[in-house]
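Counting from 1, the numbers follow the sequence of the chain as shown.
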Amino acid sequence: MSRIEQKFQTLARMGRIGLIPFITAGDPDPGLTVELMHALVEGGADVIELGVPFSDPMADGPVIQRASERALAKKVGLGDVLGFMRQFRATDKETPVVLMGYANPIERMGMPAFVAAAAEAGVDGVLVVDYPPEECQEFAAALRTRQLDPIFLLAPTSTDERIAKMAKVASGYVYYVSRRGVTGSASLDLASIAARIPEIKKRVNLPVGVGFGIRDAETAAAIGKLADAVVIGSRLVQLLEEAGAGKEVQSLRNFIAGIRSALDKE
């Protein structure tokens, strides 16, 4: 059983909604990444999504694009991200971490080498935006042999056929993109999400996390009434972008603690 599966079983027993924050590795500074990860846990994160910087993050809006650009300017690559993971695992053996990114860095390293390195570093899941489920059965199987979960995105436009294909290869949880478009844009249509989640759960026997467009405690609490977990990313990256030097860690910890409190009141 993976750490992610264990975490969601624990959350279910406790009647709690999962909180899954995202940050980009290496942003705003490589020396802060591990400290920021610990701050997320201290604030109440259940799972961390750690973004792998990439030069063409096509699913991401301008906020996360800028974060990737800042990290890449400081020469942060996939090998560095795995190094951050090893540092994090030196003192945190329990919090699941999902690497989120794009296929190119993995393919440059080579799939077998990446899977082995990710497992050795203590990664728990991998979400590759441009690996569609029908094209990565081999990758998903390789991950599961090392107890890593292949995580996939579902969108409002996903067909029943696409959901069925995803259900055959996914594990850990499903990331439902709450609306069309890129991260960090537009507003949430709660009625649409409320209608869609039960349809997904009929076809996928996994927890469903909802992300894209969650920017504050109010919207997080509203999503928490509908889903198994709340995913929040662009707002955190923006918070780090706006925080003054030396204030990034505390700002992130306080913000996540506010989200956690709002979810626990529901």
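Across all their heavy atoms, Ala194 and Pro198 have their closest contact at O-CD, 3.0 Å. Listed here is the closest heavy atom pair of Ser2 and Asp149: OG-OD2, 2.6 Å. Residues Phe22 and Leu236 come closest through the heavy atom pair O-CD1, 3.7 Å. Across all non-hydrogen atoms, the minimal contact from Val231 to Gly209 is CG2-C, 4.3 Å.
Rounded to the nearest 0.5 angstrom, Ile4 CD1 and Leu206 CG are separated by 10.5 Å. Rounding to the nearest 0.5 Å gives a distance of 8.5 Å between CG of Leu19 and CG of Leu40. Phe88 contributes atom CZ, which lies 9.5 Å from atom CG of Leu50 (distance to the nearest 0.5 angstrom). The CD1 atom of Ile256 sits 10.5 Å away from atom CZ of Arg235, with the distance rounded to the nearest 0.5 Å. In this structure, Ser178 OG and Arg196 CZ are separated by 12.5 Å, a value rounded to the nearest 0.5 Å. Separating the CG atom in Leu252 from the CE atom in Met37 is a distance of 11.5 Å, to the nearest 0.5 Å.
Arg89 places a side-chain N or O within 3.5 Å of a backbone atom of Gly122 that can act as its donor or acceptor partner. Here the side chain of Ser192 pairs no donor or acceptor atom with the backbone of Asp189 at under 3.5 angstrom. One N or O on the side chain of Thr145 and one on the backbone of Ala142 form a donor-acceptor pair closer than 3.5 Å. In terms of modelled atom types and a separation under 3.5 Å, the side chain of Thr24 and the main chain of Asp27 share no donor-acceptor contact. Not one N or O on the side chain of Ser261 forms a donor-acceptor pair closer than 3.5 Å with the backbone of Ala257. Not one N or O on the side chain of Glu138 forms a donor-acceptor pair closer than 3.5 Å with the backbone of Cys136.
Of the options Leu99, Val47, Val174, Leu127, a side-chain contact (heavy atoms from CB on, under 4.5 Å) to Ile151 is made by Leu127 and by none of the others.
Side-chain contact check for His38 versus Asp92: some heavy-atom pair is nearer than 4.5 Å. Considering only heavy atoms from C-beta on, Leu154 stays 4.5 Å or farther from Val177 through its side chain. Between Ile163 and Val204, the closest side-chain pair of non-hydrogen atoms falls below 4.5 Å. Contact check for Ile232 versus Ile214: side-chain heavy atoms found under the 4.5 Å cut-off. Residues Arg16 and Leu263 fail the side-chain proximity criterion, which asks for heavy atoms closer than 4.5 Å. Arg144 places a side-chain heavy atom less than 4.5 Å from the side chain of Ser171. Between Asp124 and Leu148, every side-chain heavy-atom pair lies at or beyond the 4.5 Å cut-off. Considering only heavy atoms from C-beta on, Arg162 comes within 4.5 Å of Glu134 through its side chain.
Between Glu120 and Arg146 no salt bridge is recorded (no basic side-chain N to carboxylate O distance below 4.0 Å). Ion pair Lys201/Asp228 flagged as a salt bridge, since at least one NZ, NE, NH1 or NH2 atom sits closer than 4.0 Å to an Asp/Glu carboxylate oxygen. Salt-bridge formation is detected for the pair Asp46/Arg260: a Lys NZ or Arg NE/NH1/NH2 atom is positioned less than 4.0 Å from an Asp or Glu carboxylate oxygen. Checked for salt-bridge contact, Glu241 and Arg66 meet the test: a charged N lies under 4.0 Å from a carboxylate O.
When the shell of 6.0 Å around CD of Glu242 is examined, it contains more than 12 heavy atoms from other residues, nucleotides or ligands. In Gln87, the CD atom is crowded: over 12 heavy atoms of neighbouring residues, nucleotides or ligands sit closer than 6.0 Å. The neighbour count for Lys74 NZ, taken as heavy atoms of other residues, nucleotides or ligands under 6.0 Å away, is above 12.
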Arg215 and Gln238: CA distance, side-chain angles, deciding distance, side chain to side chain donor-acceptor pair (under 3.5 Å) verdict: CA-CA 10 Å; Arg215 301 188 59 81; Gln238 182 181 34; 2.4 Å; yes
Evaluation steps, side chain to side chain donor-acceptor pair (under 3.5 Å), between Glu107 and Tyr102: CA-CA 9 Å; Glu107 303 208 348; Tyr102 296 82; over 6 Å; no
Side chain to side chain contact (heavy atoms under 4.5 Å, CB included) between Phe84 and Val76, intermediate numbers included: CA-CA 10 Å; Phe84 298 148; Val76 175; 4.1 Å; yes
Arg203 vs Asp160, side chain to side chain contact (heavy atoms under 4.5 Å, CB included): CA-CA, chis, key distance, verdict: CA-CA 8 Å; Arg203 296 170 175 84; Asp160 291 347; 3.1 Å; yes
Derivation of the side chain to side chain contact (heavy atoms under 4.5 Å, CB included) call for Glu94 and Gln6: CA-CA 10 Å; Glu94 298 182 359; Gln6 292 174 2; over 6 Å; no
Derivation and outcome, side chain to side chain donor-acceptor pair (under 3.5 Å), residues Thr219 and Asp216: CA-CA 6 Å; Thr219 53; Asp216 53 34; 2.8 Å; yes
Pair Gln250-Phe255, side chain to side chain contact (heavy atoms under 4.5 Å, CB included): steps then yes or no: CA-CA 8 Å; Gln250 188 63 42; Phe255 186 88; over 6 Å; no
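Residues satisfying the ring-ring contact (aromatic ring centres under 6.0 Å, His included) criterion with Phe8, sequence neighbours excluded, are Tyr173.
Each of Leu72 and Phe54 belongs to its own hydrophobic cluster when Ile, Leu, Val, Met, Phe, Trp and Tyr are linked at side-chain heavy-atom distances under 4.5 angstrom.
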